[in-house]
Amino acid sequence: MAYFLQQLINGLTLGAIYGLIAIGYTMVYGIIGMINFAHGEIYMIGAFVGLIGLLALGAVGIASVPLMLVLVILGAMTIAGLYGWTIERLIYRPLRSAPRLAPLISALGLSIALQQYVQLTQGGRVKTLAPMMQGGFVLMRGGDGFAVSLNFLQIFVFLLTIVLMTGLTLLIQRTALGRAQRAVAADPTMAALCGVDVDRTISVTFVIGAALAAVAGVMVVLYYGVIDFRLGFLAGLKAFTAAVLGGVGSLPGAVLGGLVLGLVESFWSGYADAAYKDVAAYAILVLVLVVRPSGLLGRPEIEKV
Amino acid sequence: MALPAVGAAMLEIENVSAAYGPVRALDGVNLNVGMGEIVTLIGANGAGKTTLLMTICGRPSAKAGRIKLKGQDITALPTHRIAALGVAHAPEGRHIFARMSVRENLQLGATLAAPANFARNLDRVLTLFPRLAERIDQRGGTLSGGEQQMVAIGRALMAEPDLLLLDEPSLGLAPLVVRQIFAAIGQINRERGTSILLVEQNAHHALALAHRGYVLVAGEIALEGKAADLAVNPQVRDAYLGG
Ligand SMILES: Nc1ncnc2c1ncn2[C@@H]1O[C@H](COP(=O)(O)OP(=O)(O)OP(=O)(O)O)[C@@H](O)[C@H]1O
Ligand SMILES: [Mg+2]
(Lines give C-alpha, C1' and ligand atoms only; values in the text may rest on other atoms or scores of the structure.)
(Ligands and ions follow the chains in the order given, each with its own letter.)
Protein backbone atom coordinates (compact mmCIF):
# COMPACT_ATOMS: atom_id res chain seq x y z
CA MET A 1 0.00 0.00 0.00
CA ALA A 2 2.76 2.45 0.93
CA TYR A 3 4.68 1.56 -2.20
CA PHE A 4 1.53 1.94 -4.29
CA LEU A 5 0.93 5.41 -2.87
CA GLN A 6 4.47 6.45 -3.63
CA GLN A 7 4.16 5.34 -7.25
CA LEU A 8 0.90 7.23 -7.46
CA ILE A 9 2.53 10.46 -6.30
CA ASN A 10 5.47 10.01 -8.64
CA GLY A 11 3.19 9.16 -11.54
CA LEU A 12 0.97 12.17 -11.01
CA THR A 13 3.99 14.48 -10.89
CA LEU A 14 5.33 13.11 -14.14
CA GLY A 15 1.84 13.20 -15.62
CA ALA A 16 1.35 16.86 -14.74
CA ILE A 17 4.53 17.70 -16.60
CA TYR A 18 3.45 15.67 -19.66
CA GLY A 19 0.06 17.33 -19.51
CA LEU A 20 1.53 20.84 -19.57
CA ILE A 21 3.52 19.99 -22.69
CA ALA A 22 0.59 18.18 -24.28
CA ILE A 23 -1.55 21.34 -24.08
CA GLY A 24 0.72 23.01 -26.63
CA TYR A 25 0.20 20.16 -29.12
CA THR A 26 -3.50 20.05 -28.61
CA MET A 27 -4.11 23.82 -28.80
CA VAL A 28 -2.10 24.24 -31.97
CA TYR A 29 -3.78 21.22 -33.51
CA GLY A 30 -7.15 22.56 -32.48
CA ILE A 31 -6.63 25.92 -34.12
CA ILE A 32 -4.74 25.09 -37.31
CA GLY A 33 -5.07 21.31 -37.56
CA MET A 34 -1.32 20.77 -37.54
CA ILE A 35 0.93 18.78 -35.22
CA ASN A 36 3.80 21.04 -34.24
CA PHE A 37 6.54 18.46 -33.88
CA ALA A 38 9.01 21.17 -32.86
CA HIS A 39 7.03 21.70 -29.65
CA GLY A 40 9.22 19.27 -27.66
CA GLU A 41 12.25 21.42 -28.46
CA ILE A 42 10.47 24.49 -27.09
CA TYR A 43 10.07 22.58 -23.85
CA MET A 44 13.75 21.68 -23.95
CA ILE A 45 14.66 25.33 -24.52
CA GLY A 46 12.41 26.26 -21.60
CA ALA A 47 14.35 23.81 -19.44
CA PHE A 48 17.66 25.33 -20.52
CA VAL A 49 16.46 28.86 -19.87
CA GLY A 50 15.28 27.66 -16.47
CA LEU A 51 18.63 26.08 -15.64
CA ILE A 52 20.65 29.04 -16.85
CA GLY A 53 18.31 31.42 -15.05
CA LEU A 54 18.59 29.56 -11.75
CA LEU A 55 22.38 29.42 -11.96
CA ALA A 56 22.60 33.08 -12.94
CA LEU A 57 20.32 34.23 -10.15
CA GLY A 58 22.32 32.12 -7.71
CA ALA A 59 25.52 33.68 -9.02
CA VAL A 60 24.31 37.22 -8.44
CA GLY A 61 23.43 36.29 -4.91
CA ILE A 62 19.66 35.97 -4.96
CA ALA A 63 18.99 33.33 -2.36
CA SER A 64 15.23 33.46 -1.88
CA VAL A 65 13.89 30.32 -3.52
CA PRO A 66 10.35 31.65 -4.14
CA LEU A 67 11.73 34.79 -5.77
CA MET A 68 14.08 32.73 -7.94
CA LEU A 69 11.24 30.47 -9.02
CA VAL A 70 8.94 33.32 -9.96
CA LEU A 71 11.64 35.10 -11.94
CA VAL A 72 12.87 31.97 -13.68
CA ILE A 73 9.42 30.71 -14.59
CA LEU A 74 8.35 34.07 -15.97
CA GLY A 75 11.63 34.40 -17.85
CA ALA A 76 11.38 30.92 -19.33
CA MET A 77 7.76 31.50 -20.35
CA THR A 78 8.69 34.76 -22.04
CA ILE A 79 11.67 33.41 -23.95
CA ALA A 80 9.93 30.18 -24.98
CA GLY A 81 6.89 32.24 -25.96
CA LEU A 82 9.13 34.31 -28.23
CA TYR A 83 10.45 31.13 -29.83
CA GLY A 84 6.92 29.87 -30.33
CA TRP A 85 5.82 33.17 -31.85
CA THR A 86 8.85 33.30 -34.17
CA ILE A 87 8.43 29.72 -35.35
CA GLU A 88 4.81 30.30 -36.26
CA ARG A 89 5.51 33.63 -37.92
CA LEU A 90 8.54 32.56 -39.95
CA ILE A 91 7.80 28.94 -40.78
CA TYR A 92 4.23 27.78 -40.27
CA ARG A 93 2.35 30.88 -41.41
CA PRO A 94 3.84 30.95 -44.90
CA LEU A 95 3.07 27.23 -45.18
CA ARG A 96 -0.48 27.46 -43.86
CA SER A 97 -2.11 26.91 -47.22
CA ALA A 98 0.58 24.51 -48.46
CA PRO A 99 -0.10 20.75 -48.65
CA ARG A 100 -0.25 19.21 -45.17
CA LEU A 101 3.05 17.42 -45.53
CA ALA A 102 5.04 20.65 -45.96
CA PRO A 103 4.55 22.06 -42.44
CA LEU A 104 4.97 18.58 -40.98
CA ILE A 105 8.35 18.05 -42.61
CA SER A 106 9.34 21.61 -41.71
CA ALA A 107 8.46 20.92 -38.09
CA LEU A 108 10.70 17.85 -38.04
CA GLY A 109 13.52 19.80 -39.67
CA LEU A 110 13.04 22.65 -37.26
CA SER A 111 13.12 20.24 -34.36
CA ILE A 112 16.52 18.93 -35.45
CA ALA A 113 17.77 22.47 -36.06
CA LEU A 114 16.74 23.60 -32.58
CA GLN A 115 18.41 20.58 -30.97
CA GLN A 116 21.64 21.25 -32.85
CA TYR A 117 21.46 24.92 -31.98
CA VAL A 118 21.24 24.15 -28.29
CA GLN A 119 23.96 21.53 -28.56
CA LEU A 120 26.28 24.01 -30.28
CA THR A 121 25.61 26.90 -27.93
CA GLN A 122 25.30 24.97 -24.67
CA GLY A 123 27.45 21.94 -25.33
CA GLY A 124 26.43 18.33 -25.68
CA ARG A 125 27.06 17.15 -22.16
CA VAL A 126 24.42 16.61 -19.52
CA LYS A 127 23.79 19.67 -17.34
CA THR A 128 23.02 19.27 -13.68
CA LEU A 129 21.50 21.42 -11.01
CA ALA A 130 21.95 20.89 -7.31
CA PRO A 131 18.58 20.18 -5.65
CA MET A 132 16.94 23.45 -4.64
CA MET A 133 13.74 22.54 -2.90
CA GLN A 134 14.53 19.86 -0.43
CA GLY A 135 12.34 18.45 2.25
CA GLY A 136 8.75 17.39 2.31
CA PHE A 137 6.32 15.32 4.26
CA VAL A 138 6.43 11.69 5.16
CA LEU A 139 2.85 10.65 4.58
CA MET A 140 3.02 7.13 6.00
CA ARG A 141 5.34 4.28 6.72
CA GLY A 142 4.69 0.82 5.41
CA GLY A 143 5.14 -2.27 7.61
CA ASP A 144 8.53 -2.90 6.06
CA GLY A 145 9.69 0.57 6.98
CA PHE A 146 9.10 2.01 3.47
CA ALA A 147 8.35 5.72 3.85
CA VAL A 148 5.90 7.43 1.50
CA SER A 149 7.09 10.94 0.92
CA LEU A 150 5.49 13.90 -0.75
CA ASN A 151 8.19 16.46 -1.22
CA PHE A 152 7.79 20.21 -1.56
CA LEU A 153 8.75 20.08 -5.20
CA GLN A 154 5.94 17.66 -6.00
CA ILE A 155 3.46 19.86 -4.17
CA PHE A 156 4.80 22.81 -6.14
CA VAL A 157 4.37 20.94 -9.43
CA PHE A 158 0.78 19.95 -8.57
CA LEU A 159 -0.23 23.40 -7.40
CA LEU A 160 1.32 25.22 -10.30
CA THR A 161 -0.26 22.81 -12.80
CA ILE A 162 -3.67 23.29 -11.21
CA VAL A 163 -3.28 27.08 -11.21
CA LEU A 164 -2.17 27.14 -14.84
CA MET A 165 -4.93 24.78 -15.97
CA THR A 166 -7.58 26.79 -14.16
CA GLY A 167 -6.25 29.99 -15.64
CA LEU A 168 -6.14 28.53 -19.12
CA THR A 169 -9.66 27.13 -18.85
CA LEU A 170 -11.00 30.50 -17.73
CA LEU A 171 -9.11 32.20 -20.55
CA ILE A 172 -10.55 29.88 -23.19
CA GLN A 173 -14.09 29.79 -21.82
CA ARG A 174 -14.62 33.30 -20.47
CA THR A 175 -12.49 35.86 -22.28
CA ALA A 176 -12.78 37.52 -25.67
CA LEU A 177 -9.41 36.06 -26.62
CA GLY A 178 -10.56 32.54 -25.75
CA ARG A 179 -13.77 33.05 -27.69
CA ALA A 180 -11.74 34.24 -30.67
CA GLN A 181 -9.52 31.15 -30.39
CA ARG A 182 -12.53 28.84 -30.37
CA ALA A 183 -14.04 30.73 -33.27
CA VAL A 184 -10.87 30.48 -35.35
CA ALA A 185 -10.63 26.77 -34.54
CA ALA A 186 -14.22 26.16 -35.63
CA ASP A 187 -14.50 28.42 -38.68
CA PRO A 188 -11.63 30.78 -39.49
CA THR A 189 -13.43 32.51 -42.34
CA MET A 190 -16.47 33.30 -40.22
CA ALA A 191 -14.20 34.42 -37.38
CA ALA A 192 -12.49 36.85 -39.76
CA LEU A 193 -15.88 38.11 -40.98
CA CYS A 194 -16.69 38.86 -37.33
CA GLY A 195 -13.55 40.99 -37.19
CA VAL A 196 -11.26 38.49 -35.45
CA ASP A 197 -7.62 38.87 -36.49
CA VAL A 198 -7.04 35.22 -37.33
CA ASP A 199 -3.25 35.46 -37.73
CA ARG A 200 -2.83 37.21 -34.41
CA THR A 201 -5.07 34.69 -32.68
CA ILE A 202 -3.00 31.82 -34.05
CA SER A 203 0.20 33.55 -32.93
CA VAL A 204 -1.17 33.94 -29.42
CA THR A 205 -2.05 30.25 -29.36
CA PHE A 206 1.53 29.30 -30.20
CA VAL A 207 2.82 31.64 -27.51
CA ILE A 208 0.53 30.16 -24.85
CA GLY A 209 1.48 26.59 -25.78
CA ALA A 210 5.18 27.45 -25.75
CA ALA A 211 4.93 29.27 -22.42
CA LEU A 212 3.24 26.27 -20.76
CA ALA A 213 5.88 23.92 -22.20
CA ALA A 214 8.54 26.19 -20.71
CA VAL A 215 6.93 25.85 -17.28
CA ALA A 216 7.13 22.07 -17.72
CA GLY A 217 10.79 22.51 -18.70
CA VAL A 218 11.57 24.45 -15.52
CA MET A 219 9.73 21.83 -13.47
CA VAL A 220 11.83 19.07 -14.99
CA VAL A 221 15.05 20.89 -14.23
CA LEU A 222 13.96 21.29 -10.62
CA TYR A 223 12.58 17.77 -10.31
CA TYR A 224 15.27 15.68 -11.96
CA GLY A 225 18.14 18.15 -11.89
CA VAL A 226 19.65 16.82 -15.14
CA ILE A 227 18.97 17.94 -18.69
CA ASP A 228 20.63 17.82 -22.07
CA PHE A 229 19.79 18.98 -25.57
CA ARG A 230 18.02 15.70 -26.35
CA LEU A 231 15.48 16.27 -23.60
CA GLY A 232 12.78 17.51 -25.95
CA PHE A 233 12.69 14.52 -28.26
CA LEU A 234 11.34 11.83 -25.98
CA ALA A 235 9.30 14.21 -23.81
CA GLY A 236 7.81 15.72 -26.95
CA LEU A 237 6.87 12.29 -28.21
CA LYS A 238 5.36 11.39 -24.83
CA ALA A 239 3.40 14.60 -24.59
CA PHE A 240 2.17 14.15 -28.14
CA THR A 241 1.09 10.66 -27.13
CA ALA A 242 -0.68 12.14 -24.11
CA ALA A 243 -2.50 14.59 -26.37
CA VAL A 244 -3.61 11.77 -28.69
CA LEU A 245 -4.55 9.55 -25.77
CA GLY A 246 -6.75 12.28 -24.28
CA GLY A 247 -8.18 13.23 -27.67
CA VAL A 248 -6.10 15.67 -29.67
CA GLY A 249 -7.80 19.05 -29.71
CA SER A 250 -9.28 18.63 -26.23
CA LEU A 251 -7.68 20.61 -23.41
CA PRO A 252 -8.94 18.47 -20.51
CA GLY A 253 -7.99 15.49 -22.68
CA ALA A 254 -4.37 16.66 -22.84
CA VAL A 255 -4.13 16.83 -19.07
CA LEU A 256 -5.92 13.53 -18.58
CA GLY A 257 -3.74 11.88 -21.23
CA GLY A 258 -0.64 13.24 -19.48
CA LEU A 259 -1.75 11.90 -16.11
CA VAL A 260 -2.64 8.47 -17.52
CA LEU A 261 0.71 8.24 -19.25
CA GLY A 262 2.61 9.38 -16.16
CA LEU A 263 0.78 6.85 -13.98
CA VAL A 264 1.30 3.97 -16.40
CA GLU A 265 5.01 4.69 -16.59
CA SER A 266 5.35 5.07 -12.88
CA PHE A 267 3.42 1.92 -11.97
CA TRP A 268 5.06 -0.13 -14.66
CA SER A 269 8.50 0.95 -13.42
CA GLY A 270 7.45 0.22 -9.86
CA TYR A 271 5.91 -3.18 -10.32
CA ALA A 272 7.37 -4.54 -13.55
CA ASP A 273 10.47 -3.87 -15.59
CA ALA A 274 11.33 -0.17 -15.84
CA ALA A 275 13.10 -0.83 -19.13
CA TYR A 276 9.75 -1.62 -20.71
CA LYS A 277 7.82 1.36 -19.35
CA ASP A 278 7.58 2.99 -22.77
CA VAL A 279 6.28 -0.25 -24.24
CA ALA A 280 3.57 -0.27 -21.60
CA ALA A 281 2.71 3.37 -22.25
CA TYR A 282 2.35 2.85 -25.97
CA ALA A 283 0.44 -0.39 -25.51
CA ILE A 284 -2.11 1.59 -23.52
CA LEU A 285 -2.23 4.19 -26.27
CA VAL A 286 -2.91 1.55 -28.92
CA LEU A 287 -5.56 -0.05 -26.75
CA VAL A 288 -7.36 3.22 -26.14
CA LEU A 289 -7.24 4.19 -29.80
CA VAL A 290 -8.63 0.84 -30.88
CA VAL A 291 -11.59 1.26 -28.56
CA ARG A 292 -11.95 5.03 -28.90
CA PRO A 293 -10.25 6.27 -32.06
CA SER A 294 -10.79 9.90 -31.08
CA GLY A 295 -9.09 9.48 -27.69
CA LEU A 296 -10.44 9.50 -24.15
CA LEU A 297 -12.14 12.90 -24.26
CA GLY A 298 -11.99 13.62 -27.98
CA ARG A 299 -15.17 13.97 -29.96
CA PRO A 300 -15.63 12.12 -33.21
CA GLU A 301 -15.67 15.47 -35.05
CA ILE A 302 -12.67 16.54 -32.96
CA GLU A 303 -13.21 19.00 -30.19
CA LYS A 304 -11.08 21.95 -31.03
CA VAL A 305 -9.29 24.27 -28.60
CA MET B 1 -39.56 57.12 -46.17
CA ALA B 2 -36.87 59.56 -44.99
CA LEU B 3 -33.55 57.95 -45.73
CA PRO B 4 -30.33 59.67 -44.74
CA ALA B 5 -28.59 60.97 -47.86
CA VAL B 6 -29.50 58.24 -50.31
CA GLY B 7 -27.16 58.54 -53.24
CA ALA B 8 -23.87 59.18 -51.49
CA ALA B 9 -21.85 56.02 -51.99
CA MET B 10 -21.50 53.47 -49.22
CA LEU B 11 -20.05 50.79 -51.47
CA GLU B 12 -18.57 51.17 -54.94
CA ILE B 13 -17.55 48.09 -56.88
CA GLU B 14 -15.68 48.94 -60.07
CA ASN B 15 -14.83 46.36 -62.73
CA VAL B 16 -14.24 43.65 -60.20
CA SER B 17 -13.17 40.19 -61.30
CA ALA B 18 -12.62 37.25 -59.00
CA ALA B 19 -11.63 33.64 -59.44
CA TYR B 20 -11.10 30.43 -57.50
CA GLY B 21 -7.79 29.28 -58.91
CA PRO B 22 -8.44 28.86 -62.62
CA VAL B 23 -12.22 29.05 -62.19
CA ARG B 24 -13.43 32.55 -63.02
CA ALA B 25 -16.47 33.53 -60.94
CA LEU B 26 -16.84 37.31 -61.47
CA ASP B 27 -16.06 39.27 -64.59
CA GLY B 28 -15.89 43.07 -64.58
CA VAL B 29 -18.70 43.64 -62.12
CA ASN B 30 -19.87 47.20 -61.41
CA LEU B 31 -22.25 47.74 -58.53
CA ASN B 32 -23.04 50.53 -56.06
CA VAL B 33 -24.85 50.70 -52.78
CA GLY B 34 -25.82 54.17 -51.58
CA MET B 35 -25.94 55.31 -47.96
CA GLY B 36 -29.09 53.99 -46.37
CA GLU B 37 -30.02 52.03 -49.46
CA ILE B 38 -31.23 48.43 -49.77
CA VAL B 39 -29.85 46.87 -52.92
CA THR B 40 -30.67 43.35 -53.97
CA LEU B 41 -28.61 41.07 -56.14
CA ILE B 42 -30.48 38.30 -57.88
CA GLY B 43 -29.26 35.57 -60.17
CA ALA B 44 -29.37 31.86 -60.87
CA ASN B 45 -27.43 29.24 -58.97
CA GLY B 46 -23.73 29.60 -59.64
CA ALA B 47 -24.06 33.12 -61.04
CA GLY B 48 -21.49 34.44 -58.56
CA LYS B 49 -23.67 36.17 -55.96
CA THR B 50 -22.00 34.58 -52.95
CA THR B 51 -18.62 35.20 -54.52
CA LEU B 52 -19.39 38.90 -54.94
CA LEU B 53 -20.37 39.30 -51.27
CA MET B 54 -17.30 37.38 -50.14
CA THR B 55 -15.05 39.39 -52.46
CA ILE B 56 -16.28 42.57 -50.78
CA CYS B 57 -14.96 40.96 -47.57
CA GLY B 58 -11.65 40.01 -49.15
CA ARG B 59 -12.21 36.23 -49.42
CA PRO B 60 -11.23 35.76 -52.18
CA SER B 61 -9.84 39.23 -52.79
CA ALA B 62 -10.57 40.77 -56.17
CA LYS B 63 -8.26 39.74 -59.02
CA ALA B 64 -8.90 42.98 -60.84
CA GLY B 65 -10.88 46.16 -60.29
CA ARG B 66 -11.50 48.20 -57.17
CA ILE B 67 -13.82 48.08 -54.18
CA LYS B 68 -14.38 51.22 -52.14
CA LEU B 69 -16.20 51.64 -48.87
CA LYS B 70 -17.24 55.19 -47.99
CA GLY B 71 -14.67 56.31 -50.53
CA GLN B 72 -11.82 54.26 -49.04
CA ASP B 73 -10.15 51.58 -51.15
CA ILE B 74 -10.61 48.22 -49.40
CA THR B 75 -9.72 45.96 -52.33
CA ALA B 76 -6.53 44.55 -50.84
CA LEU B 77 -7.36 44.70 -47.14
CA PRO B 78 -7.55 41.54 -45.03
CA THR B 79 -11.03 40.42 -44.00
CA HIS B 80 -10.89 41.56 -40.37
CA ARG B 81 -9.77 45.05 -41.42
CA ILE B 82 -12.69 45.33 -43.82
CA ALA B 83 -14.98 44.30 -40.98
CA ALA B 84 -13.38 46.99 -38.83
CA LEU B 85 -14.37 49.61 -41.42
CA GLY B 86 -18.03 48.78 -40.97
CA VAL B 87 -18.92 45.77 -43.13
CA ALA B 88 -20.81 42.89 -41.49
CA HIS B 89 -21.76 39.71 -43.31
CA ALA B 90 -24.42 37.10 -42.60
CA PRO B 91 -22.99 34.62 -45.08
CA GLU B 92 -24.50 31.82 -47.12
CA GLY B 93 -25.06 28.78 -44.96
CA ARG B 94 -25.28 30.98 -41.83
CA HIS B 95 -22.00 29.71 -40.37
CA ILE B 96 -23.21 29.75 -36.81
CA PHE B 97 -20.58 28.69 -34.28
CA ALA B 98 -22.34 25.45 -33.48
CA ARG B 99 -20.60 24.67 -30.21
CA MET B 100 -21.09 28.15 -28.79
CA SER B 101 -24.19 29.57 -27.20
CA VAL B 102 -26.36 32.17 -28.89
CA ARG B 103 -24.87 34.74 -26.54
CA GLU B 104 -21.32 33.81 -27.50
CA ASN B 105 -22.20 33.98 -31.19
CA LEU B 106 -23.54 37.48 -30.63
CA GLN B 107 -20.46 38.37 -28.58
CA LEU B 108 -18.28 37.32 -31.50
CA GLY B 109 -20.29 39.59 -33.75
CA ALA B 110 -19.45 42.42 -31.35
CA THR B 111 -15.70 41.76 -31.58
CA LEU B 112 -15.02 45.19 -33.06
CA ALA B 113 -17.85 47.20 -31.54
CA ALA B 114 -17.28 49.44 -28.53
CA PRO B 115 -17.72 47.29 -25.39
CA ALA B 116 -19.74 50.11 -23.84
CA ASN B 117 -22.42 49.62 -26.51
CA PHE B 118 -22.67 45.85 -26.04
CA ALA B 119 -25.66 45.83 -23.70
CA ARG B 120 -27.59 48.27 -25.86
CA ASN B 121 -26.83 46.40 -29.08
CA LEU B 122 -27.72 43.05 -27.53
CA ASP B 123 -30.98 44.55 -26.38
CA ARG B 124 -31.72 45.77 -29.90
CA VAL B 125 -31.04 42.38 -31.44
CA LEU B 126 -33.20 40.62 -28.86
CA THR B 127 -35.99 43.10 -29.45
CA LEU B 128 -35.75 42.49 -33.18
CA PHE B 129 -35.70 38.70 -32.68
CA PRO B 130 -37.48 37.95 -29.38
CA ARG B 131 -37.08 34.24 -30.08
CA LEU B 132 -33.34 34.59 -29.44
CA ALA B 133 -33.91 36.01 -25.98
CA GLU B 134 -35.54 32.74 -24.93
CA ARG B 135 -32.65 30.74 -26.36
CA ILE B 136 -29.74 32.93 -25.37
CA ASP B 137 -27.85 30.12 -23.62
CA GLN B 138 -28.70 27.40 -26.12
CA ARG B 139 -25.93 26.03 -28.32
CA GLY B 140 -25.97 27.43 -31.83
CA GLY B 141 -25.84 23.99 -33.41
CA THR B 142 -29.10 22.92 -31.78
CA LEU B 143 -31.16 25.86 -33.07
CA SER B 144 -33.72 25.52 -35.85
CA GLY B 145 -32.85 26.86 -39.28
CA GLY B 146 -34.90 30.00 -38.78
CA GLU B 147 -33.37 30.65 -35.37
CA GLN B 148 -29.91 30.15 -36.83
CA GLN B 149 -30.67 32.73 -39.49
CA MET B 150 -31.77 35.14 -36.77
CA VAL B 151 -28.46 34.52 -34.97
CA ALA B 152 -26.53 35.10 -38.21
CA ILE B 153 -28.26 38.43 -38.81
CA GLY B 154 -28.14 39.37 -35.13
CA ARG B 155 -24.45 38.56 -34.99
CA ALA B 156 -23.82 40.84 -37.96
CA LEU B 157 -25.86 43.63 -36.32
CA MET B 158 -23.83 43.39 -33.12
CA ALA B 159 -20.94 44.92 -35.08
CA GLU B 160 -22.99 48.13 -35.62
CA PRO B 161 -22.27 47.89 -39.35
CA ASP B 162 -22.66 50.66 -41.89
CA LEU B 163 -23.03 48.06 -44.61
CA LEU B 164 -24.84 44.79 -43.98
CA LEU B 165 -24.33 41.91 -46.41
CA LEU B 166 -27.03 39.23 -46.38
CA ASP B 167 -26.65 36.06 -48.44
CA GLU B 168 -29.96 34.25 -48.96
CA PRO B 169 -31.43 34.91 -45.52
CA SER B 170 -34.68 33.19 -46.52
CA LEU B 171 -33.11 29.93 -47.67
CA GLY B 172 -34.92 26.88 -46.37
CA LEU B 173 -37.28 28.79 -44.10
CA ALA B 174 -41.05 28.48 -43.76
CA PRO B 175 -43.07 31.34 -45.32
CA LEU B 176 -43.99 32.81 -41.95
CA VAL B 177 -40.36 32.94 -40.84
CA VAL B 178 -39.35 34.40 -44.21
CA ARG B 179 -41.80 37.23 -43.63
CA GLN B 180 -40.37 37.82 -40.16
CA ILE B 181 -36.83 37.94 -41.50
CA PHE B 182 -37.73 40.33 -44.32
CA ALA B 183 -39.65 42.55 -41.90
CA ALA B 184 -36.57 42.64 -39.69
CA ILE B 185 -34.33 43.60 -42.61
CA GLY B 186 -36.63 46.49 -43.49
CA GLN B 187 -36.69 47.59 -39.87
CA ILE B 188 -32.88 47.55 -39.57
CA ASN B 189 -32.64 49.76 -42.64
CA ARG B 190 -35.34 52.19 -41.53
CA GLU B 191 -34.33 52.54 -37.90
CA ARG B 192 -30.56 52.54 -38.19
CA GLY B 193 -30.08 53.79 -41.74
CA THR B 194 -27.92 50.74 -42.37
CA SER B 195 -27.08 50.14 -46.03
CA ILE B 196 -27.92 46.61 -47.09
CA LEU B 197 -26.78 44.43 -49.97
CA LEU B 198 -29.17 41.51 -50.12
CA VAL B 199 -28.65 38.35 -52.17
CA GLU B 200 -31.83 36.40 -52.70
CA GLN B 201 -33.30 33.52 -54.66
CA ASN B 202 -36.63 34.77 -53.47
CA ALA B 203 -36.64 37.62 -56.01
CA HIS B 204 -40.25 38.44 -55.33
CA HIS B 205 -39.69 39.36 -51.68
CA ALA B 206 -36.31 40.92 -52.36
CA LEU B 207 -37.55 43.28 -55.08
CA ALA B 208 -40.49 44.30 -52.91
CA LEU B 209 -38.12 45.31 -50.11
CA ALA B 210 -35.17 46.78 -52.01
CA HIS B 211 -34.74 50.22 -53.53
CA ARG B 212 -32.64 49.01 -56.43
CA GLY B 213 -31.53 45.70 -57.84
CA TYR B 214 -28.93 44.02 -60.02
CA VAL B 215 -29.21 40.79 -61.98
CA LEU B 216 -26.05 38.71 -62.14
CA VAL B 217 -25.66 36.19 -64.97
CA ALA B 218 -22.58 33.98 -65.17
CA GLY B 219 -20.39 36.42 -63.26
CA GLU B 220 -21.49 39.55 -65.11
CA ILE B 221 -24.12 42.17 -64.35
CA ALA B 222 -26.84 41.66 -66.95
CA LEU B 223 -29.42 44.16 -65.73
CA GLU B 224 -29.77 46.86 -63.13
CA GLY B 225 -32.43 49.30 -62.14
CA LYS B 226 -35.03 50.40 -59.66
CA ALA B 227 -36.48 47.43 -57.83
CA ALA B 228 -39.97 48.33 -58.94
CA ASP B 229 -38.86 48.40 -62.60
CA LEU B 230 -37.02 45.09 -62.34
CA ALA B 231 -40.07 43.50 -60.77
CA VAL B 232 -42.09 44.19 -63.93
CA ASN B 233 -39.25 43.56 -66.38
CA PRO B 234 -40.30 40.63 -68.63
CA GLN B 235 -36.83 39.05 -68.61
CA VAL B 236 -36.69 39.15 -64.83
CA ARG B 237 -40.24 37.88 -64.54
CA ASP B 238 -39.50 34.91 -66.78
CA ALA B 239 -36.21 33.92 -65.22
CA TYR B 240 -36.57 34.79 -61.53
CA LEU B 241 -40.17 35.45 -60.68
CA GLY B 242 -41.66 32.32 -62.16
CA GLY B 243 -43.28 34.07 -65.15
N1 LIG C 1 -14.50 27.64 -53.25
C2 LIG C 1 -14.73 27.52 -54.58
N3 LIG C 1 -13.83 26.89 -55.36
C4 LIG C 1 -14.04 26.78 -56.69
N5 LIG C 1 -15.10 27.27 -57.33
C6 LIG C 1 -16.04 27.89 -56.59
C7 LIG C 1 -15.90 28.05 -55.18
N8 LIG C 1 -16.98 28.71 -54.72
C9 LIG C 1 -17.76 28.96 -55.81
N10 LIG C 1 -17.19 28.46 -56.93
C11 LIG C 1 -17.73 28.57 -58.28
O12 LIG C 1 -17.93 29.93 -58.58
C13 LIG C 1 -19.15 30.12 -59.26
C14 LIG C 1 -20.03 31.10 -58.51
O15 LIG C 1 -20.41 30.54 -57.28
P16 LIG C 1 -21.26 31.32 -56.20
O17 LIG C 1 -21.28 30.49 -54.98
O18 LIG C 1 -20.74 32.69 -56.08
O19 LIG C 1 -22.69 31.33 -56.88
P20 LIG C 1 -24.08 31.84 -56.31
O21 LIG C 1 -24.59 32.84 -57.28
O22 LIG C 1 -23.95 32.27 -54.90
O23 LIG C 1 -24.96 30.52 -56.40
P24 LIG C 1 -26.14 29.98 -55.43
O25 LIG C 1 -27.37 30.71 -55.80
O26 LIG C 1 -26.22 28.54 -55.78
O27 LIG C 1 -25.70 30.23 -54.03
C28 LIG C 1 -19.79 28.74 -59.38
O29 LIG C 1 -19.52 28.27 -60.68
C30 LIG C 1 -19.09 27.92 -58.36
O31 LIG C 1 -18.98 26.58 -58.78
MG1 LIG D 1 -24.69 31.61 -53.17
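Side-chain atoms are counted along with the backbone in the values below, which use heavy atoms only and exclude waters and symmetry mates. Letters go in sequence order (proteins before strands), and every chain restarts at 1.
The candidate with the highest count of non-hydrogen atom pairs below 4.5 Å against chain A, out of Arg81(B), His89(B), His80(B), is His80(B). Most heavy-atom pairs under 4.5 Å with chain A, from the set Ala113(B), Ala159(B), Pro91(B): that is Pro91(B).
At a 4.5 Å heavy-atom cutoff, the contact between Met100(B) and chain A is made by side-chain atoms alone. For Ala183(A), the parts sitting under 4.5 Å from any heavy atom of chain B are the backbone and the side chain alike. Looking at Arg155(B), the atoms closer than 4.5 Å to chain A (heavy atoms on both sides) all sit in the side chain, from C-beta outward.
Phe240(A) and Phe37(A) have perpendicular rings, their planes meeting at more than 60° on a 0 to 90° scale where under 30° would count as parallel. Between Tyr92(A) and Phe206(A), the angle of the ring planes lies from 30° to 60°, which puts this pair in the tilted group.
Side-chain polar atoms of Thr142(B) and Gln138(B) form a donor-acceptor pair below 3.5 angstrom. For the residue pair Ser101(B) / Asp137(B), no side-chain donor-acceptor distance below 3.5 Å is found, with atom types taken as modelled.
Proximity of a side-chain donor or acceptor of Arg24(B) to a complementary backbone N or O of Gly219(B) within less than 3.5 Å is not detected.
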